[in-house]
Protein chains: 2
Amino acid sequence: MQDKQIVTPFSPADHQHSSCLKSVLSTAEDCCRQRGLRLTPIRRRVLELVWKNHEPVKAYDILETLQAEKKRAAPPTVYRALDFLQAEGFVHKLESMNAYVGCGAPGHHHTTQFLICHTCGVVAELDDIEIGELIGNKADSLGFKATHLTIEIKGLCSSCQAD
Amino acid sequence: MQDKQIVTPFSPADHQHSSCLKSVLSTAEDCCRQRGLRLTPIRRRVLELVWKNHEPVKAYDILETLQAEKKRAAPPTVYRALDFLQAEGFVHKLESMNAYVGCGAPGHHHTTQFLICHTCGVVAELDDIEIGELIGNKADSLGFKATHLTIEIKGLCSSCQAD
DNA sequence: TATGTTACGTTATAATATAACATTAATATG
DNA sequence: CATATTAATGTTATATTATAACGTAACATA
C-alpha cells in the first residue's frame with residue numbers, strides 16, 4: 001500500500017538496470033502503439049539515454065552522446081525528442097536542475113514528487129496522493145485552482161547518510 | 001491563524017503597492033543593519049525592481065532597466081545582487097520559471113510554497129507548516145532527510161476564475 | 001501516385017548564467 | 001591619518017540551456 005506511492009524507488013544495491021531499462025522501453029513502445037504515436041529511433045534513443053541511470057540527465061549530454069554515435073544531431077533534435085517524451089509522460093523535467101529523468105509510471109496518470117539526493121545524485125519519484133490532495137485543498141481554500149504542481153525535494157538519501 | 005500561513009497574498013484590488021514596496025525596503029535595510037551587511041545601492045535597486053509588482057521578474061529585465069537608468073551594468077551585476085538577496089532571504093527564485101520574486105517574510109525562517117497564476121502572472125507565497133511537515137514525514141519514512149523543498153503550484157487565481 | 005502530415009535536418013540566435021581577473025570602495029587596524 | 005585588508009563592483013569573455021525559422025525527407029492514406 002505504502003509502496004504504491006513510490007513510482008521510482010532509490011535503487012537497491014542489487015538493482016539490475018539493464019532489465020529495468022528494457023521494461024521501460026517496452027512499456028513506451030506499447031503506449032505509443034496504443035496511442036498511434038511513433039517512437040522513432042531518435043525518440044527511443046533519447047529515452048534510453050535519459051534512463052542511462054537513475055540520475056538527472058542534461059539535454060546537452062544527450063546531444064553529445066548522439067553526436068558521438070551517429071552525427072546529425074543538433075539541439076533541436078534533443079529538445080524535440082524530450083518534448084515528445086515529456087508530453088507522453090515518459091520523461092519528467094526537474095525544474096530546479098534543468099535536467100531530465102525517466103518516469104517510473106509511464107502511461108498512468110499520477111501526481112509527481114521527486115526526492116533528489118544531493119550527494120549521489122539519485123532521484124526517486126513518488127506519487128503520494130496525500131501530498132497532492134493537501135496542496136490541492138490548501139490552494140482551494142484560497143480560491144486558487146491548482147493545475148500543475150512542481151515538487152522537488154533535495155536532501156540525503158539513506159545510503160548517503162550511512163556513509 | 002489561517003492567515004498566518006500566507007506570506008504574500010494575492011493582492012486585493014485596493015493594494016497600495018508603493019507603501020508595500022516602502023515597507024519591504026525598510027525591512028531589508030533593518031535586516032542588513034542587524035546582520036552587519038551592506039544593502040548597497042545596486043542591491044537595493046535590484047530588490048526594488050524584483051518588487052516592481054507581485055509577478056516574477058527575469059534577471060535580464062532587471063539588467064535592461066539598470067542599463068537604461070545608469071549604465072555600467074552587466075549580467076554579473078544583476079546575478080550578484082540576486083545571489084545576495086536570495087542568500088539573505090529577501091528574494092526567492094521560481095525554479096520553474098527562471099524568474100525571481102520578492103519574499104513576503106524577509107528575516108523570518110519559514111517554509112515556502114508558491115501559487116502562480118498562469119493567467120495574470122501574480123504570485124502568492126505561503127508558509128504552510130502542514131505541507132512542509134507532511135513532505136518531511138513522507139521523506140523521513142523513506143529514510144530520506146529533506147533539506148530543501150521546491151514547491152511551485154501553477155493554476156488560476158480567484159480573480160482570473162471570475163473573468 | 002498524389003497529397004497532406006509528421007518528423008527531422010540545418011542554421012542561426014535567444015535566453016539564462018558563470019568564470020576570471022582588474023579596479024574601486026568600504027572597513028579595519030596600526 | 002595611512003595603510004592593509006576585505007568586500008563589492010567593473011569588465012570581458014564564455015558557458016549553458018533553449019527556441020525560431022525554414023527546408024527536406026519519411027510516412028500515411030486517399
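Just so it is clear, the model here is predicted, and its values are computed rather than measured.
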Visitor: More 5' along DNA chain C: B:M97 or B:R38, using each one's nearest nucleotide?
Guide: B:M97
Visitor: Among the nucleotides C:dA19, C:dA17, D:dT19, which one has an atom lying closest to any side-chain atom of A:P75?
Guide: D:dT19
Visitor: Between D:dA8 atom C1' and B:D83 atom CG, what is the distance in whole Å?
Guide: 13 Å
Visitor: What is the separation between atom CG on B:L63 and atom C1' on C:dT16, rounded to the nearest whole Å?
Guide: 11 Å
Visitor: For the aromatic rings, using the six-membered ring if either is Trp, is the centroid distance between A:H15 and A:H54 under 6.0 Å?
Guide: yes
Visitor: Hydrogens and angles aside, do A:Q16 and A:S18 bring a side-chain donor and acceptor to less than 3.5 Å of each other?
Guide: no
Visitor: Does A:K58 make a side-chain N or O approach to OP1 or OP2 of D:dT16 shorter than 4.0 Å?
Guide: no
Visitor: Take the angle between the ring planes of A:F144 and B:F10 and call it parallel below 30°, perpendicular above 60°, tilted in between.
Guide: parallel
Visitor: For A:R80, report the nucleic acid contact type (base, sugar-phosphate, nothing); a contact means any heavy atom under 4.0 Å.
Guide: base
Visitor: Out of C:dG9, D:dT17, D:dG10, which nucleotide sits closest to the side chain of A:Y79?
Guide: D:dT17
Visitor: I'd like to know if B:Y60 reaches the base of C:dA14 with its side chain such that a donor and an acceptor end up less than 3.5 angstrom apart.
Guide: no
Visitor: Using whole Å, what does the distance between atom P of nucleotide D:dT17 and atom NZ of A:K93 come to?
Guide: 10 Å
Visitor: Between A:S96 and B:K93, do the side chains contain a donor N or O and an acceptor N or O under 3.5 Å apart?
Guide: no
Visitor: How many whole angstroms separate atom CZ of B:R43 from atom C1' of D:dT9?
Guide: 10 Å
Visitor: Taking atom C1' of D:dT19 as reference, at what distance in whole Å does atom CG of A:N98 sit?
Guide: 14 Å
Visitor: Which nucleotide in the set D:dT12, D:dG10, C:dT11 lies at the smallest distance from any side-chain heavy atom of B:R72?
Guide: D:dG10
Visitor: Go nucleotide by nucleotide along DNA chain D from the 5' end; which of B:P41 and A:Y100 gets its closest nucleotide reached first?
Guide: B:P41
Visitor: Starting at atom CG of A:L39, determine the distance to atom C1' of D:dC27, rounded to an integer number of angstrom.
Guide: 16 Å
Visitor: Check the surroundings of atom NE2 in A:H17: do more than 12 heavy atoms from other residues, nucleotides or ligands lie under 6.0 Å from it?
Guide: yes
Visitor: Rounded off to whole Å, could you give me the CD-to-P distance for the A:Q86 and D:dT17 pair?
Guide: 15 Å
Visitor: Would you kindly give the CD-to-P distance between B:E64 and C:dA14, to the nearest whole Å?
Guide: 13 Å
